[in-house]
Amino acid sequence: MYLKNLLSQLLLFVFVSFTALAQSRGINWTKDGNGYYEIQNGGIVLISLPKMERKQVLSNTSLRIQSFQLSADGTKALIFTNSKKVWRYNTRGDYYVADLSTGKTVKLGKDMPASSLMFAKFSPDGQKVAYVSKHNLYVEDLSTNAVKALTTNGTDRLINGTFDWVYEEEFNSRDGFRWSPDGNSIAYWQLDASKIKNFLMINNTDSIYAYTIPVEYPKVGENPSACRVGIVNVATAKTNWLNVPGDNVQHYIPRMDFIPGSNEVILQQLNREQNVSKLFVCDAATGTAKDIYTETDKAWIDAADDFEWINGNKEFLWASEKDGWRHYYRISKDGKKQTLITKGNYDVIDKSLTDEKNNTLYFMASPTNATQRYLYKTKLDGKGSLEMVTSAVMPGSHNYSISPNGMFARHTYQSASIQPLTEWMHMASGNPFNMDGSITNQLGRQKPVGNKTTFFKIKTEDGIELDGWMKKPENFNENKKYPVLFYVYGEPASQTVTDTYGVDYNRLYQGDLAKDGYIAISIENRGAPAPRGREWRKSIYKNIGVLNIRDQAMAAKEILKWPFVDKDRIAVYGWSGGGSSTLNLMFQYPEIYKTGIAIAAVANQLTYDNVYQERYMGTPLQTKEAYIKGSPISHVQGLKGNLLYIHGTGDDNVHYQNAEMLINELIKQKKAFQMMAYPNRTHSISEGEGTSAHLALTFTNFLKANCPPGAR
C-alpha cells in the first residue's frame with residue numbers, strides 16, 4: 001500500500017532512475033557538485049553553476065533517453081530507454097552505452113529479449129556493465145561486448161538480482177544487486193517464491209473463453225519468499241552465500257550494500273513481525289555475518305534508508321524512533337558507539353545532505369506544524385542545536401535538492417494557496433542566483449487564489465487534537481448550511497493533510513466542488529505518517545479499522561456542530577486504504593455519514609499481502625481477532641446510508657476478491673447499495689479508453705444524487 005491512496009502518484013508511472021550515483025531529488029548532479037546534467041532532445045547537456053552555462057555532453061541521438069548515468073571517469077554514458085512497466089514502475093527496458101568523445105552508441109544485451117534489461121550499472125572502473133534479464137544476472141565487457149551469465153537458475157519464481165511482488169510493493173525494493181568497490185564481485189538478492197501461492201485474476205473480456213492471470217501473492221498468514229544474499233565472483237561466476245543467522249523464510253532483508261572501500265557487506269534484517277531490526281556486517285569472502293546493532297519496537301520498525309558512510313567509512317548514519325522521535329544517529333561500524341545527531345522533540349522527515357566537510361547535516365522537519373516542511377541543519381558530530389535554514393516568512397512546504405558539495409540547491413516552495421515555485425540558490429547565503437528568478441519575485445507575479453484552502457485543528461471528545469483542511473464553497477454564506485464531502489485515507493502509508501498546492505479535494509469530481517456548493521474537508525487521524533512523534537504514528541498498531549475510524553468520526557462529530565454544516569448531507573470517499581476507511585465509517589458511524597464512495601478497498605484485512613498487513617496488525621498466526629475487528633466486512637450490518645462501491649477486476653494489489661466478499665455480506669445483511677466494476681483495470685483504474693472520465697462521471701453523479709450540492 002506504498003502511497004497507493006494517491007491516484008496522481010499511481011498514474012505517474014515515472015521512469016525510475018537507479019543510475020546516477022550523485023543524483024538527488026530528481027537532479028543528476030556532477031560528482032563535484034558544481035553542475036548537473038539534463039536530458040535534452042535526445043542528448044545530454046551539462047549545466048554549470050552558478051552561471052548556468054550549458055555544454056553539450058552527448059549530441060542528439062535517435063534514442064528517447066529516459067535516464068542515464070556516467071562512468072566514473074566521465075567518458076561514457078549508460079542510457080536507459082524503451083522502458084516497460086513491472087508492476088508499478090517502468091524498471092525494465094533497453095540499455096545503450098554512449099562514448100562521449102565520439103557520440104557512438106552500442107546496445108547492451110543484444111541477444112536478450114527487447115526491453116528486458118533491468119538496473120544496469122557500470123563497474124567501478126567503467127569497463128563492464130552488469131544487469132538483470134529474466135531474473136538472471138549478467139555482466140557485459142564493454143571492450144568486446146562479450147556477455148557472461150553470473151546466474152543461470154533464474155525462473156519466474158527463482159528471482160536473482162531483483163524482487164518479487166511484495167518486496168517491490170511494500171519495501172520499495174527493486175534494484176537487487178550491488179557492485180563491490182573493487183569491481184571483482186557483485187552482491188545480489190535471491191528470492192525463492194516457488195512456494196508462494198498464485199492468486200488467480202480472471203480476464204473475461206479479451207477472449208471468447210475467459211482465462212486466468214496468476215499473480216504470486218503472499219497473503220496474510222502465508223509464508224513470504226525465502227530470501228538470501230549471495231556474492232558472485234565476476235571472473236568465475238561462482239556464488240558464495242552469506243551466512244546470515246535466522247530462518248530465511250521468516251525474516252526479510254529489505255536493505256543491503258557493500259561498505260565502501262572494503263570487501264564487506266552491511267544488511268538490514270527484519271523478523272516476520274517487523275518489530276526486530278538487526279544490522280549485520282558480513283565478510284563477502286567467507287560469508288560470516290556479525291550482528292552489530294539490534295533494535296526492537298512494541299509496534300513495527302521500517303525498512304531503512306540507504307546506508308551512508310562517514311568518517312573514513314568508520315561510521316554510518318542511521319534513522320531510529322527509539323527515543324520517541326525519528327532522529328538520526330551516527331553508528332560505528334562495530335555498532336559499539338552511537339551518537340545522536342538530531343536532538344529534540346521533533347521528527348526528521350527526510351535527510352537532505354550530509355556535508356561532512358563542514359560538519360553539517362541538512363534535513364527536512366517541521367517541529368511546530370505537522371502539515372508543513374522546512375529545511376533545518378545541525379552539527380554532524382551531535383554537538384549542535386537545531387537551526388532553521390528556510391526563511392520563516394514563507395510558511396508552507398519546501399523541498400531542496402542540494403548539490404553534493406553543499407554549495408548550491410534547487411529550492412521549491414508551495415502551499416495550499418501558492419502554486420509550486422522554484423529557484424536556484426547559494427546555500428551559504430540563501431540568496432538566489434538571480435533576483436528575477438527568485439521565489440520572492442515569482443510570488444509577486446502570481447495571481448492570488450480567491451477561495452483559499454484553510455487549515456484548522458479540532459479536538460475530539462477523546463481529547464485528541466487533529467489537523468484538518470477545509471475548502472469552503474464560493475460565495476460562502478455562514479448563515480446557510482452546506483453539504484460536506486470528507487476525503488479520507490487513514491492508514492500508515494500516507495498523509496492527506498499537507499500544506500501543499502491543489503490539496504486532494506477535487507480529484508474525482510467532474511467540475512468544481514467549491515463552485516457547486518460543497519465544503520471539502522480532510523482530517524489526519526492518528527496512525528498517519530505525520531511528523532508528530534512515534535506514539536502518534538504507531539498508536540494504530542493492531543488498530544487499523546478501529547482507532548483511525550474513531551478519530552475520523554469523532555472529528556466529524558465536532559464538525560457537525562458548526563452552524564454552516566448540513567448534518568443531513570455528509571459524504572465521505574477514499575481510495576485503497578481510504579476506501580477501507582470509507583466503508584468502516586459508513587458501517588460503524590451511520591449516524592454521521594449518509595453517503596459514501598469506496599474505491600478499491602480492502603474489505604477483509606485477511607486478504608491483503610503479508611508484509612503490509614502483518615507490519616501494522618501483527619501476525620495472525622496466534623489470533624486473527626484484530627484483523628476481523630478492523631475489517632469493514634465485519635460491520636456491514638451497520639449500513640444505513642447510500643453506498644457506492646468501485647473496484648477494478650484486474651487489481652493485482654487489492655484483489656477484486658474483496659468486492660465479492662463484501663457484496664456477499666451486504667446481500668446477507670439485506671443492505672441495498674450500488675456497485676461499479678471496471679473490467680481488467682488495475683488498482684489505479686486508469687487503463688483503457690474513457691476509463692478515467694467514466695470513473696469521474698460515476699463518482700459525480702452518485703454524489704450529486706445522494707448528497708445534493710448547494711446552500712440551503
Side-chain angles (χ1 to χ4, degrees), residues 1-2 4-5 166 169-171 217-224 250-252 270-277 296-303 321 460 462 464 488-494 524-530 534-554 574 576-589 598 600-639 653-655 657-658 661-662 664-665 669:
M1 273 192 182
Y2 181 70
K4 68 177 62 155
N5 61 303
V166 77
E169 179 70 17
E170 307 302 359
F171 289 131
Y217 190 104
K219 288 183 178 280
V220 163
E222 297 288 325
N223 283 336
Q250 300 305 322
H251 292 84
Y252 302 106
L270 293 171
N271 64 332
R272 173 77 176 268
E273 282 199 272
Q274 300 170 67
N275 58 9
V276 178
S277 169
T296 61
D297 197 292
K298 293 179 181 178
W300 71 85
I301 297 174
D302 291 315
E321 297 179 332
T460 71
D462 299 326
I464 306 299
V488 64
Y489 181 66
E491 298 204 10
S494 186
E524 200 84 275
N525 54 256
R526 284 174 292 172
R534 179 204 170 280
E535 290 303 316
W536 172 270
R537 290 186 291 276
K538 295 186 177 179
S539 58
I540 201 171
Y541 184 60
K542 296 188 178 181
N543 270 307
I544 292 178
V546 179
L547 178 140
N548 54 329
I549 302 307
R550 181 168 177 82
D551 275 0
Q552 289 284 337
M554 292 305 98
S576 191
S580 308
S581 294
T582 297
L583 292 174
N584 267 321
L585 291 169
M586 289 290 292
F587 299 162
Q588 295 184 40
Y589 295 93
V602 177
N604 181 350
Q605 292 184 22
L606 292 169
T607 70
Y608 199 58
D609 77 65
N610 55 6
V611 173
Y612 180 94
Q613 212 68 47
E614 292 178 12
R615 176 191 299 151
Y616 302 125
M617 295 295 285
T619 64
L621 304 180
Q622 296 179 345
T623 174
K624 299 177 181 178
E625 181 181 355
Y627 287 80
I628 295 169
K629 186 177 181 181
S631 292
I633 200 170
S634 301
H635 305 283
V636 166
Q637 68 276 8
L639 177 64
N653 190 333
V654 179
H655 300 142
Q657 169 189 52
N658 282 272
M661 286 183 170
L662 182 69
N664 264 345
E665 193 61 27
Q669 299 292 338

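All values below come from the heavy atoms of this structure, side chains included, with hydrogens, waters and symmetry mates left out.
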Closest heavy-atom contact between [X] and [Y]?
X: Tyr541; Y: Lys298; answer: CE2-O, 3.3 Å
X: Val276; Y: Asn271; answer: N-OD1, 3.0 Å
X: Asn548; Y: Asn543; answer: OD1-O, 3.6 Å
X: Arg537; Y: Pro529; answer: CD-CA, 3.8 Å
X: Ala528; Y: Ser494; answer: CB-O, 4.2 Å
X: Pro632; Y: Leu583; answer: CB-CB, 3.6 Å

Any donor-acceptor N/O pair, [X] side chain to [Y] backbone, under 3.5 Å:
X: Gln605; Y: Gly630; answer: yes
X: Asp609; Y: Tyr612; answer: yes
X: Asn658; Y: His655; answer: yes
X: Asn525; Y: Gln552; answer: no
X: Glu614; Y: Gly221; answer: yes
X: Arg615; Y: Glu170; answer: yes
X: Asn604; Y: Leu606; answer: yes
X: Gln588; Y: Gly545; answer: yes
X: Ser581; Y: Tyr489; answer: yes
X: Tyr627; Y: Gly618; answer: yes

[atom2] on [Y] to [atom1] on [X], rounded to 0.5 Å:
X: Thr623; Y: Ile628; atom1: OG1; atom2: CD1; answer: 7.5 Å
X: Ser631; Y: Glu665; atom1: OG; atom2: CD; answer: 11.5 Å
X: Glu625; Y: Lys542; atom1: CD; atom2: NZ; answer: 10.0 Å
X: Asn610; Y: Tyr217; atom1: CG; atom2: OH; answer: 8.5 Å
X: Ile464; Y: Arg550; atom1: CD1; atom2: CZ; answer: 10.0 Å
X: Gln250; Y: Thr619; atom1: CD; atom2: OG1; answer: 9.0 Å

Inset, instruction - Check the angle between the aromatic planes of Tyr616 and Trp300 and answer parallel, tilted or perpendicular using the 30° and 60° thresholds. - result: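 Perpendicular, since the angle between the ring planes exceeds 60°.
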
Inset, instruction - Begin from the C-alpha positions of Arg534 and Asp297 and carry the test side-chain contact (heavy atoms from CB on, under 4.5 Å) through to its verdict. - result: CA-CA 10 Å; Arg534 179 204 170 280; Asp297 197 292; 2.6 Å; yes

Does any non-hydrogen side-chain atom of [Y] lie less than 4.5 Å from one of [X]?
X: Thr607; Y: Lys219; result: yes
X: Gln669; Y: Leu639; result: no
X: Ile549; Y: Leu585; result: yes
X: His635; Y: Asn584; result: yes
X: Pro224; Y: Val166; result: no

Inset, instruction - Verify the distance criterion only: is there a donor paired with an acceptor across the side chains of Arg272 and Asn223 at less than 3.5 Å? - result: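 Yes - a donor-acceptor pair under 3.5 Å links their side chains.
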
Legend entry - Distance-only donor-acceptor check, side chains Asp302 and Gln274, under 3.5 Å: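 Gln274 and Asp302 do not have a side-chain donor-acceptor pair below 3.5 Å.
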
